[in-house]
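What follows is one structure encoded as structure tokens, with my remarks underneath.
The model shown is predicted, which means the values in this text are computed figures rather than measured ones. A note on names: the letters A, B, ... follow the listed sequences, proteins ahead of strands, and every chain is numbered from 1.
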2 protein chains.
Amino acid sequence: MALGTDYSGQDCSLAKALEVVGERWSLLLVRDAFLGVTRFTDFRRRLGISKAVLTRRLGSLVEAGVLERRPQGGHDAYVLTPSGEALWPAVHALMRWGDATTSPRGSRRLFRHLPCDADVDVSGRCPVCGATPPAAELETRPGPGAGADPPTNPLSARLREPHRLLAPLRE
Amino acid sequence: MALGTDYSGQDCSLAKALEVVGERWSLLLVRDAFLGVTRFTDFRRRLGISKAVLTRRLGSLVEAGVLERRPQGGHDAYVLTPSGEALWPAVHALMRWGDATTSPRGSRRLFRHLPCDADVDVSGRCPVCGATPPAAELETRPGPGAGADPPTNPLSARLREPHRLLAPLRE
DNA sequence: CGTCTTGGTCTGTTCAACAGACCAATCGGA
DNA sequence: TCCGATTGGTCTGTTGAACAGACCAAGACG
């Protein structure tokens, strides 16, 4: 493990989790993977991260079993594994906390439970069926707290349109 | 904001959250605050973090409104604000993901909803009342995945005993 | 066949984390 | 009351990670 990411000696599951997804950029990469981003260049376009660091982060997430690198017609696609998809409750909880502390007009992004056609609540639960749905059953769209600026590139524009989580934006 | 913590240009609540609690050590400090740690030296003893960095982290968490610094009989106590307590679902979700990916024998730490006398489930919900309880209503104790090594210091020993979250370990 | 895009690697610089020295104020015990 | 330990820091020199940007090989595309 890279230095600076090691919380050794901590018998704590939070420390173990942060060793994997606690580095700068890691959780934003996972977020974009939930939104359907799969390609090196698209991650880079979205985040403005340096290429060397992006290479390392994607590699360490693959090594940790969060992402899988899958050859796909000339280029590679990075997609979430089941373990990566299990990060959804944590990602959702952090987004909602960010909303609560920085977005007075409400959530920047909403998530609808497709089978029930209802938005999940702040704890991620569907008010109709009472379950806490996995990401694959959710559709996302901008919420009342979303910024009004026009998207800066076609990729971000596509990510603003309502779409199902985990559905790749490109083939 | 310090360089290296800035995700500017991201109209995303996750990025906003990570600007506050995404730096190295920040979320572990919040975790220990939930467990009842309040004092500079105790945070340091628990984490092995350098003093200069601990000073900066505590300061930035206070500035962000996550912690409050409260004079208390000769020394100061750092305690969670309501905004900081609202991080509980995110901290809990990350702990459970860490359990799931690194702890084959189950959770390292369990949380019991005191009014209902039942352990919360993996999504943080109480199986009896159906609510997602705030941290103040929870008691924690070691779970089946906890390490068997004897605690290395009295502080960690006290944190292993069953106790209510947010209850300060010292006056 | 030349150009563009993709998906990287490599280099030099900057900045944060680290270990450890140092220090002032306070507390506790003899 | 005095002395040593503890607390809660600051400061310094070193190391390592992130950064911008140059460079490059392979394939797509016209």
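If you take CG of B:Asp76 and P of C:dC27, they are 12 Å apart, rounded to a whole angstrom. Rounded to whole angstrom, the span from the CG atom of A:Leu29 across to the P atom of C:dG7 amounts to 14 Å. Atom CZ in B:Arg69 sits roughly 15 Å away from atom P in D:dT7 (whole-Å rounding). For the pair B:Glu23 CD and D:dA18 P, the interatomic distance rounds to 13 Å; values are reported in whole Å. The nearest whole Å value for the distance from the CG atom in B:Leu58 to the P atom in C:dA17 is 13 Å. We find that CG of A:Leu54 is positioned 10 Å from P of C:dT9, with the value rounded to whole Å.
Partners of A:Arg70 under the salt bridge (charged side-chain N to carboxylate O under 4.0 Å, His left out) rule, at least two apart in sequence or in another chain, are A:Glu68. The salt bridge (charged side-chain N to carboxylate O under 4.0 Å, His left out) search around A:Arg164 returns none, not counting sequence neighbours. Listed by chain and number, the residues in a side-chain contact (heavy atoms from CB on, under 4.5 Å) with B:Thr55 are B:Phe40 (sequence neighbours excluded). With sequence neighbours excluded, the residues satisfying side-chain contact (heavy atoms from CB on, under 4.5 Å) with B:Arg125 are A:Arg125, A:Thr132, B:Asp121, B:Ser123, B:Thr132.
The list of salt bridge (charged side-chain N to carboxylate O under 4.0 Å, His left out) pairs with a residue in residues 30-41 of chain A, not counting sequence neighbours, reads A:Asp32-A:Arg46. Listed by first and then second residue, the salt bridge (charged side-chain N to carboxylate O under 4.0 Å, His left out) pairs involving residues 85-98 of chain A are A:Arg96-A:Asp99 (not counting sequence neighbours). Residue pairs meeting the salt bridge (charged side-chain N to carboxylate O under 4.0 Å, His left out) criterion with at least one partner in residues 133-158 of chain B, sequence neighbours excluded, are B:Arg112-B:Glu139, B:Asp119-B:Arg141.
Against DNA chain D, the stretch residues 31-44 of chain B makes heavy-atom approaches under 4.0 Å through B:Arg39, B:Phe40, B:Thr41.
Of the side-chain N and O atoms in B:Arg24, none sit less than 4.0 angstrom from OP1 or OP2 of D:dA17. Close to C:dT9, at under 4.0 Å from its OP1 or OP2, lies no side-chain N or O of A:Arg56. Remark: B:Tyr78 is not in phosphate contact with D:dG8, judged by side-chain N or O atoms under 4.0 Å from OP1 or OP2. The side chain of B:Trp25 contributes no N or O atom lying less than 4.0 Å from OP1 or OP2 of C:dA16.
Distance from the side chain of B:Thr55 is smallest for D:dT10 among the nucleotides D:dT7, C:dT9, D:dT10.
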Counting primed atoms, P, OP1 and OP2 as sugar-phosphate and everything else as base, the B/S/- map of nucleotides 20-30 of chain D against protein heavy atoms under 4.0 Å is -----------

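One N or O on the side chain of B:Trp97 and one on the backbone of A:Ser83 form a donor-acceptor pair closer than 3.5 Å.
Here the side chains of A:Ser107 and A:Val122 are not in contact, with every heavy-atom distance at 4.5 Å or above.
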